[in-house]
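Have a look at the structure below before the remarks.
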Amino acid sequence: MLRTHSCGELRPSHIGQEVGLCGWVDRVRDHKGVIFIDLRDRWGRTQVVVGPESPAATLVAAKAVRPEWVVRVHGLVGARPDGTVNPKLDTGAVELACHSLEVLNEAVTPVFQPSGTELPGEEVRLGHRWLDLRRPAMQRNLFLRHRMVKIMRDHFDELGFIDVETPMLGKSTPEGARDYLVPARLEHGAFFALPQSPQLYKQLLMIAGFDRYVQVAKCFRDEDLRADRQPEFTQLDVEMSFVDAADVMGVIEGLVRRTAREVLGLEVTLPLPRLSWDEAMERYGHDAPDLRYGLELVDLAAAVRESDFRVFRAALEGGGRVRGIRVPGAAARFSRKELDDLTAVAVEGGAKGLVWLKLEEGGEWAGPVAKNLGAAGPAIRTALGAAPGDLVLIVADSFAVTCKALHMLRKRLGAQLGLYEPGAMHFSWVVDFPMFARDEETGGWAAMHHPFTAPRAADLPLLDRDPAACRAQAYDLVINGSEAGGGTIRIHDKATQSKVFGLLGISAETARERFGFLLDALESGAPPHGGIALGIDRWIMLFGGLDNIRDVIAFPKTQKASDLMTGAPAPVETKQLAELAIRVVAPPKPLPPG
RNA sequence: GGGGGUGUAGCUCAGUUGGUUAGAGCGCCAGCCUGUCACGUUGGAGGCCGCGGGUUCGAGUCCCGUCACCCUCGCCA
């Protein structure tokens with residue numbers, strides 16, 4: 001060992017001991033006669049003092065040292081003189097009186113200072129990730145990730161789950177997200193696909209009798225990225241046999257409680273609140289509502305029924321909805337300009353406009369369309385329970401548009417008005433999703449989750465009569481308005497599976513071609529089973545109070561899915577392409593301007 | 001694919017209505033400094049103003065295009 005202790009370890013109890021430390025030079029404060037070196041490692045920081053008592057050679061060596069050099073020091077742990085204790089450091093009561101300093105490695109001047117207070121731009125951080133990861137904040141994030149994954153593994157291990165690895169090289173399935181493809185050298189023109197999730201494998205493990213499966217699984221989806229989406233991400237993948245939805249949710253609730261307790265010191269009351277999908281859409285306009293604050297959506301159809309205001313009338317006559325949000329006491333807080341901004345949010349959500357109203361002290365509505373309300377005015381006030389000083393936002397459009405626009409407004413208002421505490425955590429379930437949604441492109445039915453999702457037993461007859469009304473045995477875990485996990489009970493009988501395939505427009509031949517092995521397996525004694533997948537990266541992000549998934553991933557990619565450090569993706573040697581029988585058809589060059 | 005934001009010194013940023021020599025803090029280099037801990041202090045070096053066009057007597061600043069990064073809609077069963 002090159003060291004006897006870490007840089008975060010020394011305390012007054014070590015005073016008088018001869019110790020050796022290794023680490024990175026965090027900062028140097030050279031006072032000519034005495035030099036202070038803050039030595040940093042992942043455990044903390046310790047002040048090393050090179051002074052008149054140190055050997056002359058050590059003083060010379062210390063003079064040359066620069067930030068981010070890697071050094072090894074030996075010396076005596078001493079109490080700091082009166083008045084020089086640093087309460088900001090865990091090791092701040094002691095210091096190392098250095099009698100030898102060995103430079104293990106010099107370092108070029110870093111592009112930015114890991115110990116600095118100014119956070120460099122993300123482009124710089126990603127390009128020099130090894131430096132970025134030296135920053136204590138990033139180290140904390142990765143330690144948090146380790147702890148949380150450990151809790152997950154312990155939790156499932158204790159419940160008898162078995163960790164099984166599934167292949168990374170699999171078969172492409174055209175449903176769902178775009179696949180990342182890997183060409184097959186031994187079969188020209190054929191491709192593997194990286195898994196979007198281990199969905200089919202885990203079902204096969206149930207059919208094989210493993211009963212309770214868990215895996216920390218890397219997943220790949222070649223879709224456009226967001227603050228909370230990376231092209232490769234990690235799921236805690238879970239599957240159980242002989243269970244219903246409540247059983248799966250119960251296991252996850254136990255994990256939620258345990259994680260909240262151990263990581264945040266927070267007691268979560270179980271069972272978690274459950275909203276049906278219908279209720280979530282009705283009250284919040286979204287299937288992953290942020291329940292840290294209110295601002296519920298209120299239906300105003302009855303209130304405006306008699307109104308002549310054509311915006312309302314047109315929406316209702318067209319089979320749409322008129323819905324609104326009451327923002328308590330916010331009338332004075334929103335200027336004309338800010339209301340224009342809110343209108344822009346609504347328009348971004350697909351609405352043609354936004355009706356805003358302020359309730360004045362006299363009980364009269366104020367706003368551009370206030371005088372058009374007529375008898376609807378008092379009715380709206382009653383329906384929303386509005387009080388003077390309240391701001392009301394109303395969207396009249398199709399159900400989908402009112403959901404989207406009001407959801408976006410709600411999100412915006414929650415953040416802008418600070419309606420929740422920074423550290424607040426809210427966990428809930430959204431259940432009973434529709435089995436099918438209309439596919440915009442084909443006009444046919446599309447699976448809301450995936451084609452193996454079981455309908456609720458009571459809804460089985462609806463598969464023939466009214467697929468739109470058919471609800472799935474599906475459940476999404478929502479944390480602070482973020483989808484943190486989702487799962488379903490699977491179809492385990494061939495007849496139901498065939499029927500669902502039929503509705504999805506997947507012919508028997510196609511089904512056999514794509515998932516023949518699963519169909520065969522389902523006929524070989526498949527137990528009732530179901531599971532869930534948790535987005536680990538998102539969990540870490542949410543529990544860490546972060547707003548960006550890249551900060552909990554050691555080596556993330558940019559929004560264009562490139563790695564600024566390695567330069568991936570990059571062209572490959574012609575020889576490599578030849579072995580794979582691949583010819584690159586370069587995209588046409590963009591025309592020069594003019 | 002669409003919308004928005006950003007791009008000026010190694011890093012974080014300022015830069016007026018288009019005007020002469022583009023600034024600050026941090027970092028870097030050198031000097032001074034024996035108790036600092038974001039040490040202090042004196043001096044110095046450091047610029048393809050993302051890139052390419054255009055307008056203009058003159059462009060960091062205006063216009064067009066383009067690239068990169070970020071946020072977002074579509075997309076993500």
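Numbered from 1 within each chain, the chains take letters A, B, ... in sequence-line order.
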Is any side-chain N or O of A:Lys88 closer than 4.0 Å to OP1 or OP2 of B:rA38? yes
Under 4.0 Å between a side-chain N or O of A:Thr109 and OP1 or OP2 of B:rC29? no
Between B:rU72 and B:rU66, how far apart are the two P atoms, rounded to whole Å? 24 Å
A:Asp30 atom CG is separated from B:rU41 atom C1', nearest whole Å, by 13 Å
Looking only at B:rG35, B:rU34, B:rG74, the nucleotide nearest the A:Glu95 side chain is B:rG35
I need the CG-P distance between A:Asp228 and B:rC76, as an integer number of Å. 15 Å
With respect to the side chain of A:Thr84, which nucleotide from B:rC71, B:rC37, B:rG1 is positioned closest? B:rC37
Find the distance A:Arg229:CZ to B:rC70:C1' and express it as a whole number of Å. 15 Å
Between B:rA68, B:rC37, B:rU34, which one does the side chain of A:Arg45 approach most closely? B:rC37
Per-nucleotide protein contact string for nucleotides 2-15 of chain B (B base, S sugar-phosphate only, - none; heavy atom under 4.0 Å): --------SSB---
A:Lys404 near the nucleic acid: base, sugar-phosphate alone, or nothing, with a heavy-atom cut-off under 4.0 Å? sugar-phosphate
Counting only distance, no hydrogens or angles, is the base of B:rC37 paired donor-acceptor with the side chain of A:Asp38 under 3.5 Å? no
Indicate whether OP1 or OP2 belonging to B:rU34 is found under 4.0 Å from a side-chain N or O atom of A:Lys32. no
Would you mind reporting whether A:Leu462 and A:Met435 have side-chain heavy atoms less than 4.5 Å apart? no
Go through the steps for A:His450 and A:Arg490 under the test side chain to side chain donor-acceptor pair (under 3.5 Å), then give the verdict. CA-CA 9 Å; A:His450 53 69; A:Arg490 327 298 182 189; 3.2 Å; yes
So what does A:Ala177 touch, heavy atoms closer than 4.0 Å: a base, only the sugar-phosphate, or nothing? sugar-phosphate
Do any N or O atoms of the protein come closer than 3.5 Å to N or O atoms of nucleotides 42-46 of chain B, and which pairs are they?
none

Presence of donor-acceptor pair under 3.5 Å, side chain of A:Arg226 and base of B:rG74: yes
Just N and O in the side chain of A:Thr117: are any of them under 4.0 Å from OP1 or OP2 of B:rA38? no
Atom-to-atom span, CG of A:Leu409 to P of B:rU72 - whole angstrom: 17 Å
How far, in whole Å, is B:rG58 from B:rC71 if one measures between their P atoms? 41 Å
Salt bridge between A:Asp132 and A:Arg125, side-chain N to carboxylate O under 4.0 Å? yes
Applying salt bridge (Lys or Arg N to Asp or Glu O under 4.0 Å), can you list everything that pairs with A:Glu122, at least two apart in sequence or on another chain? A:Arg550
salt_bridge(A:Arg135, A:Asp551) N-O dist < 4.0 Å: no
Non-neighbouring partners of A:Ser276 that pass side chain to side chain donor-acceptor pair (under 3.5 Å), sequence neighbours left out: none
Send over the distance from A:Ile37 CD1 to B:rC37 P, rounded to a whole Å. 16 Å
Once the angle between the rings of A:His286 and A:His407 is folded into 0 to 90°, is it parallel (under 30°), tilted (30 to 60°) or perpendicular (over 60°)? parallel
Return a table of donor-acceptor pairs under 3.5 angstrom between the side chains of residues 87-100 of chain A and protein atoms on other chains or two or more places apart.
residue : atom : partner : partner atom : Å
A:Thr91 : OG1  : A:Arg45 : O            : 2.4
A:Glu95 : OE1  : A:Gln47 : NE2          : 3.2
A:His99 : NE2  : A:Glu18 : OE2          : 2.3

Once salt bridge (Lys or Arg N to Asp or Glu O under 4.0 Å) is applied, do any residues pair with A:Lys411, and if so which ones, sequence neighbours excluded? none
In whole angstrom, give the distance that lies between atom CG of A:Leu89 and atom P of B:rC37. 12 Å
Check the side chains of A:Ser197 and A:Gln235 for a donor-acceptor pair under 3.5 angstrom, ignoring hydrogens and angles. no
Considering just the side-chain nitrogens and oxygens of A:Arg29, establish if one lies under 4.0 Å of OP1 or OP2 belonging to B:rU36. no
By the 4.0 Å heavy-atom rule, please label A:Thr173 as base, sugar-phosphate, or nothing. nothing
Between A:Arg550 and B:rC71, is there a side-chain N or O to OP1/OP2 distance below 4.0 Å? yes
Give A:Gln559 one of three labels, base, sugar-phosphate or nothing, depending on what nucleic acid heavy atoms sit under 4.0 Å from its own. base
Taking CD from A:Gln230 and C1' from B:rC69, how many angstroms apart are they, rounded to a whole number? 13 Å
Using purine N1 to pyrimidine N3 plus N6-O4 or O6-N4 for Watson-Crick, or N1-O2 and O6-N3 for G-U wobble, both under 3.5 Å, which nucleotide pairs with B:rG65? B:rC51
Quick one: look up who B:rG40 pairs with, Watson-Crick or G-U, both distances under 3.5 Å, and put none if it's unpaired. B:rC32
A:Met408 CE to B:rC71 P: how many Å, rounded? 16 Å
So, does A:Arg66 get its side chain near the phosphate of B:rC28, meaning an N or O under 4.0 Å from OP1 or OP2? no
Distance-only donor-acceptor test, A:Arg125 side-chain atoms vs B:rC69 base atoms, 3.5 Å: no
Expressed in whole Å, how much space separates the P atoms belonging to B:rU20 and B:rA59? 12 Å
Under 3.5 Å side-chain donor-acceptor pair for A:Tyr284 and A:Asp290: no
Heavy-atom nearest nucleotide on RNA chain B for A:Glu175 versus A:Asn86: which residue maps closer to 5'? A:Asn86
Look at the side-chain N and O atoms of A:Lys63 and state whether any lies under 4.0 Å from the OP1 or OP2 oxygen of B:rA30. no
Sorted by position of nearest nucleotide on RNA chain B, 5' first, the leading residue of A:Leu564 and A:Gln199 is A:Leu564
Donor-acceptor pair (no angle test) under 3.5 Å: A:Arg221 side chain, B:rC76 base: no
Between A:Thr510 and A:Glu513, does any side-chain donor sit less than 3.5 Å from a side-chain acceptor? no
Flag, side chain of A:Arg221 to backbone of A:Gln196, donor-acceptor distance under 3.5 Å: yes
Mate of B:rA24 across any strand shown (Watson-Crick or G-U wobble, both atom pairs under 3.5 Å) is B:rU12
